[in-house]
Amino acid sequence: VIDIRKLYGQTGKFTYDPGFLSTASCQSSITYIDGDKGELLYRGYPIEQLAVNCDYLEVCYLLLYGELPNAEQKAAFDNRVTSHTMINEQMQFFLRGFRRDAHPMAILTGLVGGLSAFYHDSTDINNPEHRDVAAIRLIAKLPTLVAVAYKYGIGAPYMYPQNNLSYAGNFLRMMFGNPCEDYKVNPVLERAMDRIFILHADHEQNASTSTVRLCGSSGTNPFAAIAAGVACLWGPSHGGANEACLNMLEHIQANGGIAKAGEFMKQVKDKNSGVKLMGFGHRVYKNYDPRAKLMQETCNEVLAELGLEKDPLFALAKQLEKIALEDDYFVQRKLYPNVDFYSGIVQRAIGIPVNLFTGIFTLARTVGWIAQLNEMISDPEYKIGRPRQLFTGHATRNVQPIDQR
Ligand code: ACO
């Protein structure tokens, strides 16, 4: 705690807390994490129970409105979401402005922000009805946006949403279907996709959620605030970790594979190497991330369904985990697998390209961002976010004429 009177002659105190390691930026009743126990609750419900008993849209309803829906509420909500799955045809012109080899996150950052140019009836962040319609639109359109970003990149025709399918089934069809033949949704892959969405739906005040809150606190429109979250999620220390993790596994595989796992771990422990074990460690979890356990289970199911039980990357990941769990470096620092450690292997098996992993995370996390944004704006005490700084630059000095500098 710093006495700012000594610094600036102002009254009061503030805390200097780089990276906000011990600063609560808000009160929230949405998601609870006990990092020591490895516990994650959405609105009080353990993630393990939600992952087994609910589908993603039920979880969306829970995060947005505070309670799980009954059958009637669920049907009405599903119906509302599916009636907004199309994107405006004009969006295609926007999409065509991108290079084909653009990273999907670059495209998504643009497209999500661009939604605010299309829906003038849902851009007033202070109007609860506008926020609610924006929430439904974002949840409904994100799978379509992710799928068109993918299809654009490979030069394939877009698939329009098919609303008699489940949320996850529709996404799989838009990704992997083509207009010339019927697409049959594989129920194991559909369930796996849905589980990936559930496990990524919210995670309290992480970097991207805090970004959405800070951005939204200026009164900008909900689509712009969510686009800020997309940009933040892209980074390899956050949502980009699953992509970085799979790249790491592929790199080890290409350089000797499982036999070289021990050698790689030595590099990870060498601080001068700059190498991290991606998919390991977490700011809040100092125990096994409960989502990683569920993801490992899903990984087993998907690989068995696709006849890929002997997938060398899965074996390699399990070996790296085994080494880490028995190694003092990791034990002392309480570094355990996070959700990203196994999610990349599942997504790769489903056929999702590595550079789209963070896009899938974006799709799933959108509901969490909106729920958090709603919670902030609904609080009568909310204020524009404005962190302070400890100024370390020059004292006042005079500008010299250019010929005397
Ligand atoms: N590999 C090797 N060492 C690690 C790792 C890792 N993955 N993670 C942390 N450490 C070490 C640090 O070097 C540090 O060591 P030191 O005490 O000797 O200096 C110690 O463990 C503490 O780590 P911090 O970086 O201080 O922890 P922080 O809470 O700031 O960072 C983070 C958490 C960013 C997630 C980090 O663990 C990391 O970079 N992990 C790899 C990337 C990753 O998987 N990110 C996904 C996070 S989950 C998500 O966004 C869905």
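Not measured: the values here are computed from a predicted model. Heavy-atom basis, side chains included; hydrogens, waters and symmetry copies ignored.
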So that I can tick it off, tell me whether [Y] and [X] are bridged by a salt bridge, with the cut-off set at under 4.0 angstrom between side-chain N and carboxylate O.
| X | Y | answer |
| --- | --- | --- |
| Lys334 | Asp36 | no |
| Lys318 | Glu321 | no |
| Glu375 | Arg213 | yes |

- Query: When rounded to the nearest 0.5 angstrom, what is the spacing between CZ in Phe93 and CD in Gln90?
  - Reply: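 One gets 5.5 Å once the value is rounded to the nearest 0.5 Å.
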- Gap separating the CG atom of Asp202 from the OG1 atom of Thr209, nearest 0.5 angstrom: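 So the CG of Asp202 and the OG1 of Thr209 are separated by 5.5 Å.
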- Task: Step by step, work out the side-chain hydrogen bond (donor to acceptor under 3.5 Å, both in side chains) result for Thr109 and Trp234.
- Result: CA-CA 9 Å; Thr109 310; Trp234 191 358; over 6 Å; no
- Query: What residues, two or more places apart in sequence or in another chain, satisfy side-chain hydrogen bond (donor to acceptor under 3.5 Å, both in side chains) together with Tyr45?
  - Reply: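 Partners of Tyr45 by the side-chain hydrogen bond (donor to acceptor under 3.5 Å, both in side chains) criterion come out as none, since no residue qualifies.
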- Query: Considering all heavy atoms of both residues, which atom of Pro337 and which atom of Asp289 are nearest to each other, and what is their separation?
  - Reply: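 The answer is O-CB, 3.3 Å.
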- Are Phe280 and Phe341 near enough that their ring centres are under 6.0 Å apart?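 Under 6.0 Å, so yes.
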- Query: So, do Tyr285 and His203 have ring centers that fall under 6.0 Å from each other?
  - Reply: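 Centroid separation for Tyr285 and His203: below 6.0 Å.
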- Query: Pro104: what forms a side-chain contact (heavy atoms from CB on, under 4.5 Å) with it, not counting sequence neighbours?
  - Reply: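 Scan of Pro104 (side-chain contact (heavy atoms from CB on, under 4.5 Å), adjacent residues dropped) gives Asn355, Leu356.
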- Item | Leu145 and Leu115, any side-chain heavy atoms less than 4.5 Å apart |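 The answer is yes; the side chains approach within 4.5 Å.
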